[in-house]
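Reviewing the structure listed below.
Predicted model only: the values in this text are computed from it and were never measured.
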Amino acid sequence: SMAPWLRLYKTYLMYFSEALETIQNKNKLLQSIIEKGIQHPLNVRNIHLQAMLIEPVQRLPRYTLLIKALLKHTPSSHVDFKDLERADKEYSEIASTMDAAVETARKAQKMAEIQSMFSELVILEPHRFLVHE
């Protein structure tokens, strides 16, 4: 079952934008730590932290494209064709689920931003969600 992996992946995607914002803030200590990480001997390709963080975000779409390309070039009589069809369907469903989770998180963040504009009025409630911006 991929359920545990998907839960972690979904959480990662939901907080990815927030992580990038944190990295891009002007905190001198954080920037110094990031710079030392880039120059660390184990970072042989000198990859920046932001480039490392984006890799998991790009992985699912990359796999989806790969499976679609394999399916396109695999004859329907091939022994792996049915497995490729199933993988294509499953990855498409996973991608849709992840997109929906990221959108829900984005809307929740926007609701929190709106709530911060009001001190007396309570906008954030479990049954409320952002419909339109």
Side-chain angles (χ1 to χ4, degrees):
S1 172
M2 294 180 69
W5 175 81
L6 288 177
R7 244 178 292 156
L8 288 172
Y9 193 73
K10 186 166 132 180
T11 302
Y12 187 90
L13 291 177
M14 288 170 47
Y15 291 103
F16 173 73
S17 295
E18 192 176 322
L20 281 184
E21 287 176 22
T22 302
I23 290 169
Q24 292 169 347
N25 79 21
K26 302 302 177 201
N27 180 313
K28 290 183 191 279
L29 176 61
L30 180 60
Q31 294 305 320
S32 170
I33 292 168
I34 291 170
E35 192 60 37
K36 285 179 184 174
I38 294 169
Q39 297 170 0
H40 194 279
L42 292 177
N43 187 4
V44 293
R45 297 185 307 171
N46 293 326
I47 299 175
H48 195 278
L49 181 59
Q50 290 167 307
M52 288 184 218
L53 290 175
I54 193 76
E55 287 185 17
V57 174
Q58 295 171 336
R59 188 165 291 134
L60 185 62
R62 211 179 288 145
Y63 288 161
T64 303
L65 290 173
L66 174 63
I67 291 168
K68 286 188 183 305
L70 287 170
L71 195 55
K72 181 180 176 183
H73 297 287
T74 303
S76 58
S77 59
H78 192 279
V79 67
D80 292 330
F81 188 80
K82 294 274 188 226
D83 289 335
L84 286 170
E85 281 185 320
R86 190 173 65 244
D88 181 41
K89 182 176 183 265
E90 287 179 15
Y91 267 89
S92 294
E93 289 171 2
I94 290 167
S96 294
T97 301
M98 295 304 144
D99 289 345
V102 169
E103 183 63 13
T104 299
R106 188 192 66 74
K107 286 181 176 182
Q109 177 63 33
K110 186 68 175 175
M111 285 289 288
E113 289 173 17
I114 293 169
Q115 176 64 65
S116 70
M117 294 179 201
F118 302 96
S119 57
E120 302 291 322
L121 183 62
V122 177
I123 294 174
L124 284 178
E125 295 285 341
H127 63 279
R128 291 183 179 158
F129 56 94
L130 186 64
V131 176
H132 184 65
E133 289 184 55

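- Within the structure, side-chain hydrogen bond (donor to acceptor under 3.5 Å, both in side chains) contacts touching residues 68-78 (residues at least two apart or in different chains) are Lys68-Asp88.
- For the side chain to side chain contact (heavy atoms under 4.5 Å, CB included) test, no residue two or more places apart in sequence or in another chain qualifies with Thr104.
- Under the side-chain hydrogen bond (donor to acceptor under 3.5 Å, both in side chains) criterion, Glu21 pairs with no residue at all, not counting sequence neighbours.
- With rounding to the nearest 0.5 angstrom, the OG1 atom of Thr22 is 10.5 Å from the CG atom of Leu49.
- For Gln31, there are no side-chain hydrogen bond (donor to acceptor under 3.5 Å, both in side chains) partners two or more places apart in sequence or in a different chain.
- The hydrophobic cluster containing Phe81 also contains Leu66, counting ILVMFWY residues as joined when their side-chain heavy atoms lie under 4.5 angstrom apart, directly or transitively.
- The side chain to side chain contact (heavy atoms under 4.5 Å, CB included) test applied to Pro56 returns Tyr9, Tyr12, Arg59, not counting sequence neighbours.
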Pair up each side-chain donor or acceptor in residues 33-43 with any protein partner under 3.5 Å, not counting sequence neighbours, and list the distances.
residue: Glu35; atom: OE2; partner: Gln39; partner atom: NE2; Å: 3.1
residue: His40; atom: ND1; partner: Leu42; partner atom: N; Å: 3.0
residue: Asn43; atom: OD1; partner: Asn46; partner atom: N; Å: 3.3
residue: Asn43; atom: OD1; partner: Ile47; partner atom: N; Å: 3.0
residue: Asn43; atom: ND2; partner: Gly37; partner atom: O; Å: 3.3
residue: Asn43; atom: ND2; partner: Ile38; partner atom: O; Å: 3.3
residue: Asn43; atom: ND2; partner: Ile47; partner atom: O; Å: 2.9

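- Taking the side-chain hydrogen bond (donor to acceptor under 3.5 Å, both in side chains) definition, one finds that Glu103 meets it with Arg106, sequence neighbours left out.
- By the side-chain hydrogen bond (donor to acceptor under 3.5 Å, both in side chains) test, Glu93 pairs with Lys89, sequence neighbours left out.
- Residues Tyr63 and Ile94 fall within the same hydrophobic cluster, defined by Ile, Leu, Val, Met, Phe, Trp and Tyr side chains chained together at heavy-atom separations under 4.5 Å.
- As a member of the Ile/Leu/Val/Met/Phe/Trp/Tyr network built from side-chain separations under 4.5 Å, Val79 groups with nothing else and remains a singleton.
- Ala95 meets the side chain to side chain contact (heavy atoms under 4.5 Å, CB included) test with Leu60; sequence neighbours excluded.
- Clustering ILVMFWY residues whenever any of their side-chain heavy atoms sit less than 4.5 angstrom apart, transitively, puts Leu65 in a cluster other than the one holding Leu70.
- Partners of Asp83 under the salt bridge (Lys or Arg N to Asp or Glu O under 4.0 Å) rule, at least two apart in sequence or in another chain, are Arg86.
- Hydrophobic clustering of Ile, Leu, Val, Met, Phe, Trp and Tyr side chains at less than 4.5 Å, counting indirect connections, unites Phe16 with Val102.
- In this structure, the side chain to side chain contact (heavy atoms under 4.5 Å, CB included) partners of Gln50, at least two apart in sequence or on a different chain, are Leu20, Ile23, Gln24, His48.
- Grouping the Ile, Leu, Val, Met, Phe, Trp and Tyr side chains by contacts below 4.5 angstrom, directly or via other members, places Met98 with Ile54.
- When all heavy atoms of Lys10 and Ala101 are compared, the pair lying nearest together is CG-CB, 3.5 Å.
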